[in-house]
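Data block below; observations after.
If you read the sequence from its start, that first residue is 1, and numbering goes on from there. Both counts, for ligands and for their atoms, begin at 1 and track the order of listing.
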Amino acid sequence: MDIMEKLAILSSAAKYDASCSSSGSKRKNLNSGIGNASTCGVCHSFTPDGRCISLLKILLTNYCIYDCSYCINRSSNDVSRAAFTPYEIAELTINFYKRNYIEGLFLSSAIFKSPSYTMELLVKTLKLLRIEYKFNGYIHVKAIPGAEESLIKEAGAYADRISVNIELPSSSSLKLLAPQKKKDNILKPMKLIKNGILEHDENKFKFKSAPLFAPGGQSTQLIVGASPESDFNILSLTENLYKTFKLRRVYYSGYVPVNTSNVLPNVFSPPLLREHRLYQGDWLIRLYGFKAKELLNEDNPNFDIKLDPKTNWALNNLDSFPIEINKASYETLIRIPGIGFTSARRIILTRKVHYLSFEDIKKLGVVIKRAKYFITCKGKYFGDSVFEPLYIRNKLENKKLVENVNIQQLSFFSNLPSSPMNFIKTDLNSRLHGDL
Ligand code: SF4
């Protein structure tokens, strides 16, 4: 099989992995090598279904000994299979990099022969790129659960970011949908990577040339909608992961129904809007200081798809509003719908010199059409005369967005000749005939 054919198969097989953002790593070009990774992140764009396409995003192989029910690459599926050699990946990366097609590599793999064997090949690829080809560009590699610890540590020494995919948000779903995967095998490498990062952080103050260890941190991915967990279950797990393993990011990947199985839900499209709401909730937890249990609870376990989570929270806590813009702390300001970090900072700075009017805050970047229902300026309220959750909810619900997303979700599979599997084959075909 020639290398372009392998590329078509293994880049297509990698597209279900959402966790390929590249931000947060700084790696300078050394020894007249090739490429830099910058702190502000490799530029990346997303396909309409939300997948990142700016890195060379491939699998080492899609030959898999496991049979996870939700996965296109599961051993029982009759799909085209291929495997790169480490040398082929290094060559492809360097050639694409030199042609400016990519700015880095996202390398994952199915489980080929055994977890350690697969991890060994991944590490071999990293070493080839870093040592032989002197490639200093961004590399995100997957750690294979169940692989020997020494291999995962070695990967951390060469990659910018490492991730271990949790995939399913509960042990019971893992048992049902991916019975060959073990929770402990997933958590162990996460802990190992966390410790490696912490160790490096300590050492860099003691030694000038402390060796790098995954400077872009670690991340993971959760599949949304393949199993019955609620948004509350997922966000609570996320919160815990950020706390326990110091993850940089948790990625959410709406379940794409590529297989049929009696343990899988009977759906026709990925839950894109749900995925989007989870990202918004995650953002509120990571950057705005919200707790999962403030946003959702056992009685309301899922996000309202018509409202963003911050607005939903504000409406559920309307007795704490309206908030006087001229008096609120920064922490309170950023909890107001329509006010983000930048506008909150501007408000704090500007009101040092004068009281802010409604006209003033319009100029400070506040999204007035949302914020006006939750604030007062100089004691005056600018929403409609009815200060009541249902009324405001009705004003703010994004009916258009829901309609649009529904159209998008349907169109995701409208190209299907007859089944999701045919869609994959058609997609592969188009790649094989020059789309790459
Ligand atoms: S281990 Fe499971 S999820 Fe990963 S490639 Fe194999 S079948 Fe797919």
Side-chain angles (χ1 to χ4, degrees), residues 6-20 51 57-84 89 106-122 125 140-148 151-152 155 162-190 218-227 229 250-265 270 275 420-421 423-425 427-428:
K6 286 187 186 183
L7 183 60
I9 293 170
L10 294 170
S11 58
S12 181
K15 71 186 174 193
Y16 300 98
D17 204 318
S19 55
C20 65
R51 318 294 157 195
K57 184 178 174 185
I58 47 172
L59 298 189
L60 170 83
T61 180
N62 65 341
Y63 285 107
C64 196
I65 54 170
Y66 289 1
D67 200 39
C68 308
S69 54
Y70 52 85
C71 177
I72 186 73
N73 300 315
R74 65 183 184 180
S75 57
S76 58
N77 272 0
D78 179 20
V79 291
S80 306
R81 309 259 174 192
F84 280 125
I89 296 175
F106 173 85
L107 181 60
S108 184
S109 184
I111 317 282
F112 192 32
K113 294 188 185 174
S114 75
S116 287
Y117 182 76
T118 313
M119 198 67 222
E120 214 175 303
L121 290 174
L122 292 172
T125 311
H140 178 165
V141 75
K142 285 282 148 141
I144 306 293
E148 278 166 36
L151 291 167
I152 290 170
I162 317 190
S163 51
V164 188
N165 280 359
I166 292 186
E167 307 281 29
L168 295 160
S170 74
S171 307
S172 52
S173 294
L174 194 69
K175 234 184 206 163
L176 187 69
L177 303 184
Q180 288 142 311
K181 292 186 175 176
K182 301 282 167 267
K183 186 178 157 195
D184 272 2
N185 285 347
I186 297 170
L187 298 183
K188 252 193 209 160
M190 290 179 95
Q218 69 165 322
S219 56
T220 192
Q221 169 178 285
L222 293 170
I223 298 175
V224 177
S227 50
E229 291 79 14
V250 174
Y251 292 89
Y252 307 93
S253 179
Y255 163 61
V256 183
V258 288
N259 297 327
T260 46
S261 158
N262 55 5
V263 292
L264 288 170
E275 181 189 291
M421 195 58 85
F423 168 72
I424 306 295
K425 285 177 187 158
D427 186 47
L428 281 180

Please work out which of Pro115, Ala178, Ala110, Cys68 has its closest non-hydrogen atom nearest to atom 5 (S) of ligand 1.
Ala110
Any side-chain to backbone donor/acceptor pair from Thr118 onto Ile111? Under 3.5 Å, distance only.
no
Specify the closest pair of heavy atoms between Pro115 and Tyr66, including all atoms of both residues, with the distance to one decimal.
CG-OH, 3.9 Å
Quick one: sort the His140 and Phe106 rings into parallel, tilted or perpendicular, breaks at 30° and 60°.
perpendicular
Selected option - heavy-atom contact closest to atom 3 (S) of ligand 1, from Arg74, Gln180, Lys181, Lys142
Lys181
Atom indices of ligand 1 within 4.0 angstrom of Cys71 heavy atoms, with elements:
3 (S), 5 (S), 7 (S), 8 (Fe)
Polar contact flag, side-chain donor to acceptor under 3.5 angstrom, Ser170-Ser172
yes
Show which atoms of ligand 1 fall inside a sub-4.0 Å distance from at least one heavy-atom site of Ile111.
1 (S)
Please list the nearest protein heavy atom to atom 6 (Fe) of ligand 1 with its residue and the distance rounded to 0.1 Å.
Cys64 SG, 2.2 Å
Side-chain (Arg81) to main-chain (Asn62) donor-acceptor, under 3.5 angstrom:
yes
